[in-house]
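By convention in this document, chain letters (A, B, ...) are assigned in the order of the sequence lines, proteins followed by strands, and residues within each chain are numbered from 1.
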Amino acid sequence: MRKPCCDHNKEEMQRGAWSKQEDQKLIDYITKHGEGCWRNLPKAAGLLRCGKSCRLRWINYLSPNLKRGNFSEDEDDLIIKLHALLGNRWSLIAGRLPGRTDNEVKNYWNSHLRRKLIKMGIDPNNHRISHYLHIKRLEFLPKNSTRENDGVISDTASSCADGQQITSSLPDLNSLP
DNA sequence: AACCGGTACAACCGCTTGTTA
DNA sequence: CTAACAAGCGGTTGTACCGGT
């Protein structure tokens, strides 16, 4: 059995929301010494947090490289495409979105994009047209129309919502921005 | 005004992976 | 080779906030 990464039994270990003072201590320390050795960082920075917690706070909230604010339509599209290709590999997806973190992308997916796809009749888990809509579309579309291969959505999801431009091939990952 | 359900997001937890001795 | 460790990742939870009743 492995040791826990940090000693949560220590009653002085701080948990929950970060205070402004804690944030400042973390920023000051990393500005001075840079990232790395998260395990020792809390002690060195004078924080009563575990290293994991410090890392998460820095990466997801305090890092100066973060682009805060709403996701653009382009980012929405890109996330949907990348999710179709990579699945729940949030860090990989976030790696292709400058200024966005895995946690941010994951939260955005779960609270916005999943719903958006469901509304459009697309199963967010496999990017296929939901059963009911799938049947409806098969009834509706001409037999020889170029459309989905096994229902997998590959191109921009918005176009799929209109029942148009459903293509059979997945986008080339290398061609993405 | 009070309650309730839904949403958004920060943070935690447990597991996996990569590295080193 | 393998055990131990640090870091990273993804799932999940907790909670503040908001709009509707």
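- Atom CH2 of A:W58 is separated from atom C1' of B:dA10 by 17 Å (rounded to the nearest Å).
- In this structure, A:N107 has no side chain to side chain donor-acceptor pair (under 3.5 Å) partners at least two apart in sequence or on a different chain.
- Listed by chain and number, the residues in a side chain to side chain donor-acceptor pair (under 3.5 Å) with A:K43 amount to none (sequence neighbours excluded).
- Residue A:R55 places at least one side-chain N or O closer than 4.0 Å to OP1 or OP2 of C:dG8.
- Between A:K67 and A:E104, none of the side-chain N atoms (NZ, or NE/NH1/NH2) sits under 4.0 Å from a carboxylate O, so this pair counts as no salt bridge.
- As rounded to whole Å, 15 Å separates atom P of C:dC5 from atom NZ of A:K52.
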N/O donor to acceptor pairs below 3.5 angstrom from side-chain atoms of residues 23-30 of chain A, sequence neighbours left out:
| from | atom 1 | to | atom 2 | distance (Å) |
| --- | --- | --- | --- | --- |
| A:D23 | OD1 | A:R57 | NE | 2.8 |
| A:D23 | OD1 | A:R57 | NH2 | 3.3 |
| A:D23 | OD2 | A:R57 | NH2 | 2.7 |
| A:Q24 | NE2 | A:D28 | OD1 | 3.0 |
| A:K25 | NZ | A:G46 | O | 3.1 |

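- A straight line from CD of A:E22 to P of B:dC12 spans 9 Å, rounded to a whole angstrom.
- A:H83 and A:H127 have tilted rings, their planes meeting at an angle from 30° to 60° on a 0 to 90° scale.
- With both pairing distances under 3.5 Å, B:dA1 is matched to nothing as a Watson-Crick or G-U wobble pair.
- One atom, CG of A:L62, and another, P of B:dA10, lie 11 Å apart when rounded to the nearest Å.
- In terms of phosphate contacts, A:R39 brings a side-chain nitrogen or oxygen within less than 4.0 Å of OP1 or OP2 of C:dA6.
- Note on residues 105-118 of chain A: pairs passing salt bridge (charged side-chain N to carboxylate O under 4.0 Å, His left out), not counting sequence neighbours, are A:D76-A:K116.
- A straight line from CD1 of A:I59 to C1' of B:dC12 spans 15 Å, rounded to a whole angstrom.
- Counting to the nearest Å, the P atom of C:dT13 and the CZ atom of A:R15 are 15 Å from each other.
- Nearest nucleotide to the side chain of A:A17, out of B:dA11, C:dG10, C:dC9: B:dA11.
- Applying the 4.0 Å criterion to OP1 and OP2 of C:dG8, one finds that A:W90 has every side-chain N and O outside that range.
- With sequence neighbours left out, A:Y108 forms a ring pair (Phe, Tyr, Trp, His ring centres under 6.0 Å) with A:F71, A:H112.
- Straight-line distance from the CZ atom of A:R57 to the C1' atom of B:dA11: 9 Å, rounded to whole Å.
- Distance, A:N60 CG to C:dG10 P: 12 Å, rounded to whole Å.
- Of the residues in residues 101-116 of chain A, those placing a heavy atom less than 4.0 Å from an atom of DNA chain B are A:N103, A:N107, A:S111, A:H112, A:R115, in numerical order.
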